[in-house]
Amino acid sequence: MHPYRTHTCGELRKNHVDQTVKLSGWVHRKRDHGGVLFIDLRDFYGLAQAVVHPDRAFFDEASRVRPESVITITGQVVARTPETVNSELPTGEIEVTVEEFKVDSAADALPFPVNQELEYPEDTRLTYRFLDLRHERLRDNILLRSRTAQLTREYMTGRGFIEFHTPILTSSSPEGARDYLVPSRLYPGHFYALPQAPQQFKQLLMTSGFDKYFQIAPCFRDEDSRADRSPGEFYQIDIEMSYITQDDLFVEIEGLMVRLFTELSNRKIVAETFPRIPYREAMEKFGTDKPDIRFGLEMADVSDVFRESEFKVFRGAVEKGGAVKVINASGAAEQSRKFFDDAEAFAKSEGAKGLAWIALRDGEMKGPVAKFLSETERQGLISATNAKDGDALFFGAGPRDETNQLLGRVRVYLGNALNLIDENLAAFCWVVDFPMFEWNPDEKKVEFSHNPFSMPQGGLEALETQDPLDVLALQYDVVCNGVELSSGAIRNHRPDIMVKAFEIAGYDRATVENKFPALWKAFHYGAPPHGGIAPGFDRIVMLLAGEPNIREIIAFPLNQRAQDLLMGAPSMVDDRQLLDILGNNKRLVEEFKKALTQKPSVE
RNA sequence: GGGGGCGUAGUUCAGUUUGGUUAGAACGCUGCCCUGUCACGGCAGAGGUCGCCGGUUCGAGUCCGGUCGUCCCCGCCA
């Protein structure tokens with residue numbers, strides 16, 4: 001007989017009755033009746049009830065074994081009597097009468113129970129992550145992550161994409177987030193950087209002729225964390241294709257997303273061909289470049305209506321070149337006064353000076369600002385918003401971009417407050433036509449608004465003839481439920497257009513050559529037109545799992561302050577290791593250690 | 001770097017508004033009882049620097065100042 005198991009805990013059924021079986025697993029739960037002892041034995045595959053009778057020599061040992069200890073039992077599969085069948089359990093029709101009992105690994109008292117799904121402090125969970133991962137919810141998330149990766153590979157290879165590995169030790173990139181640096185032993189004072197994304201490598205592979213690239217690529221960025229952004233490292237489904245238009249790429253991504261969400265979640269996909277929203281329109285209607293289109297409440301521009309208004313807040317905003325925007329919260333007129341006060345309190349907490357509102361009740365406009373409105377303005381409002389009796393209007397007024405963003409957050413607040421957001425939906429959209437450049441008011445200069453590798457719409461001619469701030473890029477984002485999953489672009493593969501684009505952003509030709517030597521060189525030896533995208537793998541799994549925090553779908557995440565509480569990273573290193581990277585100079589090692597304020601490593 | 005929430009037993013939390021005897025409950029832990037449970041049940045017990053430092057007060061978990069930790073957000077994220 002096998003030393004550990006003849007069956008798994010989840011597979012025993014009625015047809016195994018009378019067989020002698022061996023099971024190994026964790027003690028999930030014990031029910032000690034003094035005269036008879038029940039042990040729920042758990043492994044990866046399920047749960048089985050083991051019964052220990054008091055005449056057995058190991059009865060005392062078994063009754064003392066603590067939850068989560070690993071044991072091996074041998075015994076006979078017995079059919080349960082009808083009264084004792086547990087219909088909740090797949091193995092509930094049988095139990096195993098224990099004849100041999102062995103503790104393989106005794107467990108100490110636990111920092112938190114594994115047999116119940118309760119909330120525990122995250123630092124405790126991360127310190128004992130190996131235990132936390134035994135919880136069903138976390139385990140299911142990790143399995144979902146595995147299936148997501150597997151299905152992605154299946155889909156992508158089925159579509160003719162080639163999977164690559166690109167370097168982890170590479171060079172520091174000139175733009176973007178902070179790099180993680182790795183000191184070089186052979187070249188003291190020199191550093192590798194961990195890649196923020198394999199951006200340049202995948203473009204080089206296109207230039208090498210591989211046509212369709214993909215990689216579930218590790219990316220490293222030294223940024224502060226968020227609920228949906230783990231510090232340090234994350235994964236992207238990195239994709240690049242040659243000889244394509246934007247439309248060709250959208251088809252591939254729509255197919256991948258529909259496949260993943262159809263097979264791995266219960267969310268209903270609102271539209272399998274994702275609607276496309278130009279960036280400018282997204283900002284005007286939703287106040288963000290990642291609109292949540294599971295619900296309406298789109299913003300309308302009523303600046304023209306209030307150009308001559310007696311209501312100074314609105315007229316003033318328009319006179320100063322700003323905007324007056326309005327949201328029609330259909331049916332909200334009957335909400336309590338508290339509802340409107342809470343909405344205003346929210347707007348103020350986001351930085352607004354106030355939140356004007358009007359409720360249409362009994363054929364009249366009611367609310368604090370209604371009395372300022374002329375008949376013409378009332379008509380203008382109604383035609384701009386299609387408002388009818390029972391609706392409520394919420395206003396934002398001020399500088400245009402600021403007002404859009406603020407009222408955009410009010411929109412999401414109202415969507416939640418009015419229960420308009422259906423959690424069972426997956427509402428994808430493309431945001432397209434991002435501007436190529438933007439004005440940096442602090443440094444008073446034009447700069448790239450996304451990444452410098454995008455192809456400007458209209459090519460070289462657009463750069464030469466248009467106002468740079470009017471030039472659009474072949475740059476796009478894919479958004480789901482208000483979460484930005486990915487940015488991508490049709491790339492700029494033409495050295496002459498690169499030079500012109502960088503020139504507009506204030507860099508000379510030498511800068512391009514020095515900053516991006518690989519691409520610069522490669523694009524002089526026959527580069528195919530190409531483009532791609534890189535959806536965030538972790539965020540997709542988050543959406544599939546319905547988890548609000550990215551750490552719940554990562555087996556061993558860093559905590560918010562970028563520490564690994566289990567492994568103790570980051571940590572100080574031996575003098576020997578410091579000597580290696582400081583050119584064997586002992587004096588330098590001492591100065592190095594003295595100079596750095598020694599932030600304590602993780603205990 | 002900045003803002004907000006939270007910090008009381010191993011854990012989840014009550015108590016803080018209005019300062020006043022020995023700081024409670026549940027789960028977990030330890031011991032005892034229990035032969036059909038499946039979140040088994042019953043009895044008993046251990047377990048607390050109320051995050052830390054200082055202040056006000058006859059008296060501080062409770063009020064004040066500072067500080068630390070943690071989570072969320074802003075900045076940051078080509």
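Computed from a predicted model, the values in this text were never measured in an experiment. Just so we're on the same page: letters track the sequence lines, and every chain starts at 1.
Atoms CZ (A:Phe448) and P (B:rA78) sit 14 Å apart, rounded to a whole Å. Put simply, CZ on A:Arg178 is 15 Å from C1' on B:rA78, counting in whole angstrom units.
Straight-line distance between the C1' atoms of B:rU22 and B:rC27: roughly 24 Å, to the nearest whole Å. Rounded to the nearest Å, the gap between the P atom of B:rC29 and that of B:rU11 is 15 Å. Rounded to the nearest Å, the gap between the C1' atom of B:rC76 and that of B:rA14 is 40 Å. Taking atom C1' in both B:rG4 and B:rA78, one finds a spacing of 31 Å when rounded to whole Å.
Aromatic rings from A:Phe250 and A:Tyr476 are positioned such that their centres are separated by under 6.0 Å. Aromatic ring centres of A:Tyr413 and A:Phe346: separated by under 6.0 Å. Centroid-to-centroid, the aromatic rings of A:Tyr128 and A:Tyr120 stay 6.0 Å apart or farther.
Listed by chain and number, the residues in a salt bridge (charged side-chain N to carboxylate O under 4.0 Å, His left out) with A:Asp401 are A:Arg280 (sequence neighbours excluded).
Within residues 112-138 of chain A, the residues that have a heavy atom under 4.0 Å from RNA chain B are, in order of number, A:Gln116, A:Glu119, A:Tyr120, A:Pro121, A:Glu122. Of the residues in residues 41-50 of chain A, those lying under 4.0 Å from RNA chain B by heavy-atom distance are A:Gln49. Sorted by residue number, the members of residues 551-560 of chain A with any non-hydrogen atom under 4.0 Å from RNA chain B read A:Arg551, A:Gln560. For the segment residues 62-80 of chain A, the set of residues with a heavy atom within less than 4.0 Å of an atom of RNA chain B comprises A:Arg66, A:Arg80, in numerical order.
Among the nucleotides B:rG75, B:rA78, B:rC40, the one closest to the side chain of A:His33 is B:rC40.
Side-chain contact check for A:Gln49 and A:Asn86: no donor-acceptor pair (N or O, by modelled atom type) lies under 3.5 Å. A donor atom on one side chain and an acceptor atom on the other are found under 3.5 Å apart for A:Asp238 and A:Tyr213. For A:Thr511 and A:Asp508, the side-chain atoms include at least one donor-acceptor pair closer than 3.5 Å. A side-chain donor-acceptor contact under 3.5 Å links A:Asp433 and A:Gln457.
Here salt bridge (charged side-chain N to carboxylate O under 4.0 Å, His left out) pairs that include residues 485-505 of chain A, with residues two or more places apart or in two chains, are A:Glu240-A:Arg491, A:Arg494-A:Asp496, A:Lys500-A:Glu503.
Counting distance only, with no hydrogens placed and no angle test, the side-chain atoms of A:Arg226 and the base atoms of B:rG75 include a donor-acceptor pair under 3.5 Å.
Nucleic acid contact for A:Arg29: sugar-phosphate only, since backbone atoms but no base atoms lie under 4.0 Å from a heavy atom of the residue.
For B:rC76, there is no paired nucleotide, since no Watson-Crick or G-U wobble pair has both relevant distances below 3.5 Å. Across all strands shown, the partner of B:rG41 is B:rC33, judged by Watson-Crick or G-U wobble contacts whose two distances both fall under 3.5 Å.
Put simply, A:Arg31 has no side-chain N or O that comes within less than 4.0 Å of OP1 or OP2 on B:rU37.
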